[in-house]
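Below you'll find the structure, written out as structure tokens, and then a few comments.
None of these values were measured; they are calculated from a predicted model.
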Amino acid sequence: MAAQAGNPPPPDGGGRIDQAVIASLQTNHSADYVLVFGEQADLSEAYQISGWVERGQYVVDALKETAERSQKRALAELKKRGLRYRSFSISNEIYVYDGDASGLQAMLIFPEVAWVRAPVTVSLEPSGFQLRLAGPAAPQAQVQAFKAWGIIDTGADQFWSTYLRKGEGIVVANIDTGVDATHPALAASYRCAGGDLSDPACWSDPTGACKGTACDDHGHGTHTMGTMAADVSNGSTVPYTVGMAPGAQWIACKACTKDGICTDFDLLDCAEWILAPNGDSAERPHVVNNSWGDEKGGDSWFAAAVTAWCAAGIFPAFSAGNYSGCNTLSSPGDYQESFSSAAHDSLRTIASFSSKGASLFGHDPYTKPNISAPGVDILSTFPGGWGYMQGTSMASPHSAGAVALLWSCAPLLIGQIDDTFELLQSSADPAPEGSC
């Protein structure tokens, strides 16, 4: 399509521009795009820092210093042109809204801009995703009869009785559709319980849907959080045992809408918040669950965020994807730095919907997915009640909850990402026979 008068043709960028951005400029004469800067902060020294607070602050400071230096000229040009943008230090990127061809051409003058990519939109894992509301609540005296099968399958209940730890001292988080902070199984373990439910140290909502207070307008996020941290200590109002680490506290960031859509802007906003809730790295969680993914694998757009989490000692749990068959892993679960969980049923058969390896990022040192966990007919919390869902979305929080138990029991493991990967994998049952 020829450019209209007054609209210069899109630059080709010498191979530095995503074709989707060029196509949007050709069709609409404007486009949202993301400037990816070539320099990435060296975070290797963080692994030598023993203090939790000091380690997290080192990562935040290193990321900010690198972004401020490398983005300086591009930011000045964007301001001069009056363009709306958001700078992300965690990935050293700038999201530009409604940019035109001339503005993009100006960005390409700067050699520090390595790549211009199109925005990414991902979704909650859809295939195999189901909701079935649970029946009437049972009396608390019958709670043992209503213990979720995933708790038994993973051995979480045996862990509680053997080690007398249920996740105490550990903070878990999810990036999802939000969490119902008033749910009786989750209210007491919310880190800001008894105070401001919208406290930015415990809750963030870049989507703006919850109007300031912690909420969930979909249900998926409440369900995954329940599998990690639902607590039965509230008596008869909590009739089901579903949480892997009921002694842990939780915080959450809402990046996904009521339709299950998650934009990279909101996901990166949450990723940065996870590093330093309310700007304080000391408030970061120990574990973050991500039950979402890109339909295609091999996409590295979120890799810098996962790398930063690992450097800060935050365990990155991801669903493997629900795209069925070999070579179907979704990103970011297929990254070597991510701990990805496939799904199995109560007979320990891999679910028909579950994505499997290999990863387009290779299998050294970890074969992908890293593990399988309960993901079929999973009972957990749901806004206003209880429900069953299935998918690798349900498997990943079982793994995340297992990490909370391990780190609560063995504090020297906190922040030791590789050691924890290996412990989980080496203690799991052998993978079933079959392809991939």
Side-chain angles (χ1 to χ4, degrees), residues 121-126 129-134 137 171-231 234 237-238 240 242-243 246 248-274 277-279 283-285 287-292 319 378-389 391 393-394 396-397 400-401:
T121 299
V122 303
S123 62
L124 303 177
E125 304 297 2
F129 176 84
Q130 297 178 358
L131 168 66
R132 187 175 81 255
L133 295 179
V171 178
V172 299
N174 67 4
I175 296 178
D176 213 302
T177 63
V179 178
D180 176 8
T182 67
H183 194 287
L186 294 170
S189 54
Y190 183 43
R191 191 170 65 184
C192 289
D196 181 2
L197 297 186
S198 63
D199 188 328
C202 302
W203 169 254
S204 182
D205 175 20
T207 73
C210 289
K211 310 302 181 186
T213 190
C215 82
D216 182 0
D217 54 6
H218 181 284
H220 189 275
T222 300
H223 198 277
T224 60
M225 185 59 76
T227 298
M228 286 192 285
D231 188 8
N234 283 347
T237 59
V238 184
Y240 305 113
V242 302
Q249 292 183 310
W250 65 267
I251 62 176
C253 190
K254 178 176 172 58
C256 305
T257 69
K258 63 181 180 181
D259 299 317
I261 303 300
C262 329
T263 67
D264 64 351
F265 182 95
D266 292 338
L267 290 166
L268 286 170
D269 192 295
C270 282
E272 218 161 69
W273 180 83
I274 289 291
N278 199 25
E283 299 286 351
R284 72 193 187 280
V287 184
V288 57
N289 184 70
N290 301 270
S291 288
W292 52 268
S319 53
I378 300 301
L379 173 65
S380 189
T381 48
F382 195 76
W386 303 82
Y388 293 87
M389 289 184 177
S393 282
M394 285 62 252
S396 183

Set out, in order, the CA-CA distance, both residues' side-chain angles and the distance that settles side chain to side chain contact (heavy atoms under 4.5 Å, CB included) for His220 and Ser393, then state yes or no. CA-CA 9 Å; His220 189 275; Ser393 282; 3.0 Å; yes
How many angstroms lie between [atom1] in [X] and [atom2] in [Y], if you round to the nearest 0.5 Å?
X	Y	atom1	atom2	value
Leu124	Ile261	CG	CD1	7.5 Å
Asp269	Ile175	CG	CD1	9.5 Å
Asp176	Asn289	CG	CG	7.5 Å
Leu379	Phe382	CG	CZ	12.5 Å
Leu197	Trp203	CG	CH2	10.5 Å
Asp199	Tyr190	CG	OH	7.0 Å

Starting from the C-alpha separation in whole Å, work towards a yes-or-no answer on side chain to side chain contact (heavy atoms under 4.5 Å, CB included) for Val171 and Trp250. CA-CA 5 Å; Val171 178; Trp250 65 267; 6.0 Å; no
Checking the side chain of Asn174 only, and the main-chain atoms of Gly221 only, is there a donor and an acceptor separated by less than 3.5 Å? yes
Any donor-acceptor pair under 3.5 Å linking the side chain of His183 with the backbone of Gly385? yes
Pair listing, salt bridge (charged side-chain N to carboxylate O under 4.0 Å, His left out) test, anchored in residues 252-266, at least two apart: Arg117-Asp264, Asp217-Lys254
Any side-chain heavy atom of Trp386 sitting closer than 4.5 Å to one from Thr381? yes
Side chain to side chain, Ile274 and Pro285, heavy atoms closer than 4.5 Å: yes
Distance-only donor-acceptor pairs under 3.5 Å for side chains of residues 206-215, two or more places apart:
residue	atom	partner	partner atom	Å
Thr207	OG1	Asp205	OD1	2.5
Thr207	OG1	Ala209	N	3.3

How close do [X] and [Y] get, heavy atom to heavy atom, and via which atoms?
X	Y	result
Ala187	Ala193	O-CB, 3.2 Å
Val179	Ala252	CG2-CB, 3.7 Å
Gly260	His218	N-CD2, 3.9 Å
Pro277	Ile251	CG-CD1, 4.1 Å
Val172	Met225	CG2-SD, 4.1 Å
Arg191	Glu283	NH1-O, 2.9 Å

Stepwise side-chain hydrogen bond (donor to acceptor under 3.5 Å, both in side chains) check, Thr222 with Asp180: CA-CA 6 Å; Thr222 300; Asp180 176 8; 5.6 Å; no
Using the test side-chain contact (heavy atoms from CB on, under 4.5 Å), find all partners of Ser380 that sit at least two apart in sequence or belong to another chain. His223, Thr227, Val242
